[in-house]
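To start, the structure itself, in structure tokens.
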Amino acid sequence: MKKIVWDDSFSVGIEELDKQHKQIVGVINRLIDEPKEGFDPDEVAKILDELTKFAHYHFKMEEQLLAEHGYPDLQAQQDEHKEFRVELANLCMDSMKNHTIIPINVLLYLKEWWTDHILVKDMKYRPFLTGRVGK
Ligand SMILES: [Fe+2]
């Protein structure tokens with residue numbers, strides 16, 4: 001599977017959020033890099049754990065920033081984030097229980113969810129935030 005290639009189209013216009021998005025994309029790319037068979041389950045668990053931490057931290061900060069500035073579509077962001085958190089928790093459970101978490105559909109889910117989230121959902125707040133927040 002091809003990795004996610006970061007370019008300017010991913011930028012939401014806020015440096016700190018871009019940095020966090022890049023970190024998350026980096027973690028997903030590491031997962032895409034893992035061999036699909038004969039992968040090290042401990043390594044995969046470690047990567048998923050990292051993804052959980054990064055995502056939680058990032059969602060919290062993003063939601064805080066949007067709330068602070070009275071973003072009208074905050075609820076939609078919170079719902080999306082919540083959906084991802086639940087899904088990721090399930091993936092982590094599977095990974096711990098079965099040691100089989102790298103099937104292609106999992107990678108596809110992570111890749112598609114984040115690509116769509118950043119490029120479509122987050123991009124909606126770009127014009128709103130960039131006018132209000134200094135970089
Ligand atoms: Fe978001």
Side-chain angles (χ1 to χ4, degrees):
M1 186 183 296
K2 283 206 178 104
K3 293 195 216 181
I4 305 173
V5 182
W6 182 279
D7 61 31
D8 282 349
S9 69
F10 281 82
S11 172
V12 294
I14 308 287
E15 218 173 283
E16 180 60 27
L17 294 180
D18 282 348
K19 204 178 103 195
Q20 293 173 5
H21 281 154
K22 272 185 204 162
Q23 270 179 328
I24 289 166
V25 164
V27 176
I28 293 169
N29 282 341
R30 268 168 56 205
L31 218 46
I32 291 175
D33 256 352
E34 283 289 314
K36 302 306 163 274
E37 277 165 45
F39 60 86
D40 177 359
D42 290 339
E43 182 61 23
V44 171
K46 223 169 76 187
I47 298 175
L48 285 176
D49 190 50
E50 224 172 285
L51 182 60
T52 305
K53 285 191 192 120
F54 277 158
H56 281 222
Y57 176 78
H58 165 67
F59 289 157
K60 207 172 136 196
M61 189 185 155
E62 198 175 61
E63 287 172 17
Q64 255 169 15
L65 196 63
L66 293 171
E68 219 171 274
H69 293 278
Y71 182 58
D73 236 2
L74 177 61
Q75 188 63 49
Q77 275 286 335
Q78 287 169 326
D79 291 346
E80 274 252 332
H81 293 167
K82 193 173 163 199
E83 177 213 291
F84 181 79
R85 272 198 293 256
V86 171
E87 197 60 39
L88 186 60
N90 287 335
L91 296 181
C92 289
M93 291 275 275
D94 277 357
S95 153
M96 279 193 301
K97 268 197 299 198
N98 309 320
H99 283 202
T100 53
I101 196 59
I102 207 119
I104 216 83
N105 59 328
V106 170
L107 294 179
L108 211 56
Y109 170 77
L110 293 174
K111 188 177 167 179
E112 281 178 355
W113 194 91
W114 278 97
T115 308
D116 171 75
H117 188 72
I118 298 174
L119 291 180
V120 181
K121 313 293 175 8
D122 287 348
M123 217 42 79
K124 285 188 190 158
Y125 67 61
R126 185 188 161 120
F128 179 88
L129 270 191
T130 47
R132 288 168 173 82
V133 183
K135 277 226 178 172

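In this text, all values refer to a predicted model and were calculated from it rather than measured experimentally. Note that ligands are numbered from 1 as they come in the structure, with each ligand's atoms numbered from 1 the same way.
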- Message: Please list all pairs meeting salt bridge (charged side-chain N to carboxylate O under 4.0 Å, His left out) that have one or both residues in residues 3-14, counting only residues at least two apart or in different chains.
- Response: Lys3-Asp33

- Got a second to check how far Ile118's CD1 is from Ile4's CD1, nearest 0.5 Å? 7.0 Å

- Message: Check this for me, if you would: do Lys53 and Glu50 make a salt bridge, where the nitrogen-to-carboxylate-oxygen distance has to be below 4.0 angstrom?
- Response: no

- Message: Consider side-chain hydrogen bond (donor to acceptor under 3.5 Å, both in side chains). Of His81, Gln78, Gln20, which one does Glu62 pass it with?
- Response: His81

- At distances under 2.8 Å, what protein N, O or S atoms surround the Fe ion (ligand 1)? Glu62 OE1, Gln77 OE1, His81 NE2, His117 NE2, Asp122 OD1

- Using the ring-ring contact (aromatic ring centres under 6.0 Å, His included) rule, collect all pairs that involve residues 8-32, keeping only residues at least two apart or in two chains. Trp6-Phe10, His21-His58

- Name all pairs fulfilling the salt bridge (charged side-chain N to carboxylate O under 4.0 Å, His left out) condition that reach into residues 66-82, sequence neighbours left out, sorted by first residue then second. Glu80-Lys121

